[in-house]
There are 2 protein chains.
Amino acid sequence: MARKSGSHSEITGPRIRSVAQSLIARHGFAAVSMRQIAAEVGVRAGTIYLYVADKQALLYELMETHLDTLLAAWEAVPVPEDPTEALHAFTSFHLRFHFERPEEVFIAYMELRNLTPENFAKIEARRRAYEAALEAILARGAASSAFDLPDPRVTTMAIIAMLTGVGTWYRDGGRLSRGEVEAIYWRLVRRMVQGA
Amino acid sequence: MARKSGSHSEITGPRIRSVAQSLIARHGFAAVSMRQIAAEVGVRAGTIYLYVADKQALLYELMETHLDTLLAAWEAVPVPEDPTEALHAFTSFHLRFHFERPEEVFIAYMELRNLTPENFAKIEARRRAYEAALEAILARGAASSAFDLPDPRVTTMAIIAMLTGVGTWYRDGGRLSRGEVEAIYWRLVRRMVQGA
DNA sequence: ATGTTATCTGAACGATCGTTCACATCAAGC
DNA sequence: GCTTGATGTGAACGATCGTTCAGATAACAT
């Protein structure tokens, strides 16, 4: 009763993070114990500490990975010159990325207060960088009179809150497909910023 | 060492709920202990059980009170006949109500998963009732061609998410006053629904 | 002044928490 | 086949958790 047959760090490590993500998304970080995570992985609590420094690091790494993936994915999107098309690209990207990762998104928004101040600052910086991407598009459109914005900063926060909110009600297999939801939201976004 | 001088149930009871609200909003329900709440009230943990059945009831009562207050406050708002004016009334009401109660709003959105299934159902019913108020305004406007909506239900969720999101960034004493934020959001909302 | 009731304490209950570590076992290289 | 390093166990640490309750004290009615 020590090392299990077939055990491998390349399997256990990722599984710990995957299981932790599901459990934290479902019950919240503070409500999930290391023993619960270990049990679902099929391992004892002590084993987790071979892969993660402590519980705080586990949460931070999940959020850091999510935001770095988000930023990298956006970097990979070709942004059209035309502000309206650029905004469309952002809207589609954001919705599709969030459709694919409901757990990560949930954690990234709900567990900020369970980060240490240092970790919180690092996550916040990444979130601001993402918001800045949208704000840049809006500012460019406003400068070229393609958009008519009441306030670029507030409009940025409004659009992101509106789009991210899709996670609170959208479920696969529901009344609307992802594509239909995308079309509806794009129409709403476009109207919010459209010039006179 | 028993009853404290000046102790009174009309003081201690509300104070427990008030302190619990602040602590839960700041650190999350699961991360706040009954002893922490008691300490901030200036009392021992056992005292809380003279006023609340258990920790779950404490959370539920906070959320129930918040949503009942929200629904009652909206009931008291005179809703204009004109759909656009009605939507304006809803937007202003929602923003002002949420400006005044950042803690309650935060808890109502973040702690849903810490409710028992029965309590969750009761809170959800109230939230749906509130959403229905907005959806009714939108449907009325769509029927009279005052609004041109891609989808009443999705537009409802989009507007509420957008408006409620103000809590994530707005701080009193910041760049914009509450009135300015209200004006900006109203312009965004109006554009989202405006007819051709 | 006395008795009654409302209010709170202090200690205790078993359970669970995050974390550590000596030890056991399996997989892999020689 | 032996050795060595990677992997996981099992037990234990002190701390803290939600909750209960007999007893103590203050406020109030008489």
Side-chain angles (χ1 to χ4, degrees), chain A residues 1-21 23-24 26-63 107 111 113-119, chain B residues 1-21 23-24 26-63 107 111 113-119:
Chain A
M1 42 201 71
R3 180 170 188 175
K4 306 270 278 290
S5 90
S7 65
H8 230 311
S9 69
E10 289 108 32
I11 295 176
T12 306
R15 259 184 61 78
I16 287 173
R17 284 163 173 81
S18 166
V19 164
Q21 184 170 92
L23 288 176
I24 292 172
R26 208 160 25 243
H27 305 109
F29 176 72
V32 172
S33 72
M34 299 299 261
R35 284 173 179 84
Q36 283 176 49
I37 297 169
E40 189 121 335
V41 172
V43 105
R44 301 291 177 162
T47 305
I48 295 181
Y49 291 86
L50 294 177
Y51 299 93
V52 190
D54 52 25
K55 206 190 177 194
Q56 169 69 207
L58 180 54
L59 175 62
Y60 173 71
E61 286 166 21
L62 288 177
M63 299 180 74
I107 293 174
E111 305 295 353
R113 59 186 164 183
N114 285 310
L115 293 171
T116 61
E118 300 80 19
N119 287 340
Chain B
M1 39 200 71
R3 179 169 191 178
K4 307 271 277 292
S5 91
S7 67
H8 229 310
S9 67
E10 287 109 33
I11 295 176
T12 305
R15 256 183 65 78
I16 286 173
R17 284 162 173 82
S18 166
V19 164
Q21 184 169 93
L23 287 177
I24 292 172
R26 211 166 17 250
H27 305 110
F29 176 72
V32 172
S33 72
M34 298 300 260
R35 284 174 178 82
Q36 283 175 50
I37 297 169
E40 189 121 336
V41 173
V43 105
R44 300 292 175 164
T47 305
I48 295 181
Y49 291 86
L50 294 177
Y51 298 94
V52 190
D54 52 25
K55 206 190 177 193
Q56 169 69 206
L58 180 53
L59 175 62
Y60 174 70
E61 285 166 20
L62 289 177
M63 299 181 73
I107 293 174
E111 305 296 354
R113 59 186 164 183
N114 285 310
L115 292 171
T116 61
E118 300 80 19
N119 287 340

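Within every chain, numbering begins at 1; the chains are lettered A, B, ... in the order of the sequence lines, protein sequences first and strands thereafter. What's counted below: heavy atoms across the whole structure, side chains too, no hydrogens, waters or symmetry copies. Since the structure is predicted, the reported quantities are computational estimates derived from the model, not experimental observations.
- Looking only at side-chain heavy atoms (C-beta outward), B:Arg17 and B:Val52 come within less than 4.5 Å of each other.
- Rounding to the nearest 0.5 Å places OH of B:Tyr51 at 13.5 Å from CD of B:Glu61.
- In this structure, CE of A:Met34 is placed 23 Å from P of C:dA15, rounded to the nearest angstrom.
- For the OP1/OP2 pair of D:dG8 and a distance below 4.0 Å, the side-chain nitrogens and oxygens of A:Thr12 include at least one atom meeting the criterion.
- Between B:Ile37 and B:Ala20, the closest heavy-atom pair is CD1-CB, 3.9 Å.
- In summary, B:Glu111 and A:Arg113 engage in a salt bridge, as defined by a charged side-chain N under 4.0 Å from a carboxylate O.
- Of all non-hydrogen atoms in B:Ile48 and B:Ile16, the two that sit nearest each other are CA-CD1, 3.9 Å.
- Remark: B:Arg44 is not in phosphate contact with C:dC8, judged by side-chain N or O atoms under 4.0 Å from OP1 or OP2.
- The side chain of B:Gln36 contributes no N or O atom lying less than 4.0 Å from OP1 or OP2 of D:dT16.
- Residues from residues 46-53 of chain B that place a heavy atom under 4.0 Å from any atom of DNA chain D, listed by number: B:Gly46, B:Tyr49.
- In this structure, A:Ile16 places its CD1 atom 11 Å from C1' of D:dT7, rounding to the nearest Å.
- Between B:Gln56 and B:Thr116, the shortest heavy-atom contact is OE1-N, 3.0 Å.
- One atom, NE2 of A:His8, and another, C1' of C:dA27, lie 8 Å apart when rounded to the nearest Å.
- Mapping B:Asp54 and A:Val43 onto DNA chain D by nearest heavy atom places A:Val43 closer to the 5' end of the strand.
- Nearest heavy-atom pair, A:Pro14 versus A:Ser9, reported as atom, atom and distance to 0.1 Å: CD-O, 3.8 Å.
- B:Ser9 has a side-chain polar atom (N or O) that falls below the 4.0 Å cut-off from OP1 or OP2 of C:dT7.
- With hydrogens and angles disregarded, a donor-acceptor distance shorter than 3.5 Å links the side chain of B:Lys55 to the backbone of B:Phe29.
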Any N/O pairs under 3.5 Å between the protein and nucleotides 12-14 of chain C? List them or say none.
{"from": "C:dA12", "atom 1": "N6", "to": "B:Arg35", "atom 2": "NH2", "distance (Å)": "3.2"}

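- Atom pair B:Lys55:NZ and C:dT16:C1' shows a separation of 13 Å (rounding to whole Å applied).
- For the helix from C:dA1-D:dT30 to C:dC30-D:dG1, the rotation axes defined at the first and last 5 base pairs enclose an angle of 10°, given to the nearest 10°.
- The nearest whole Å value for the distance from the CD1 atom in A:Ile37 to the P atom in C:dG18 is 8 Å.
- Between A:Lys4 and D:dT9 there is a side-chain polar atom (N or O) within less than 4.0 angstrom of OP1 or OP2.
- OP1 or OP2 of D:dT16 has not a single side-chain nitrogen or oxygen of B:Ser33 nearer than 4.0 Å.
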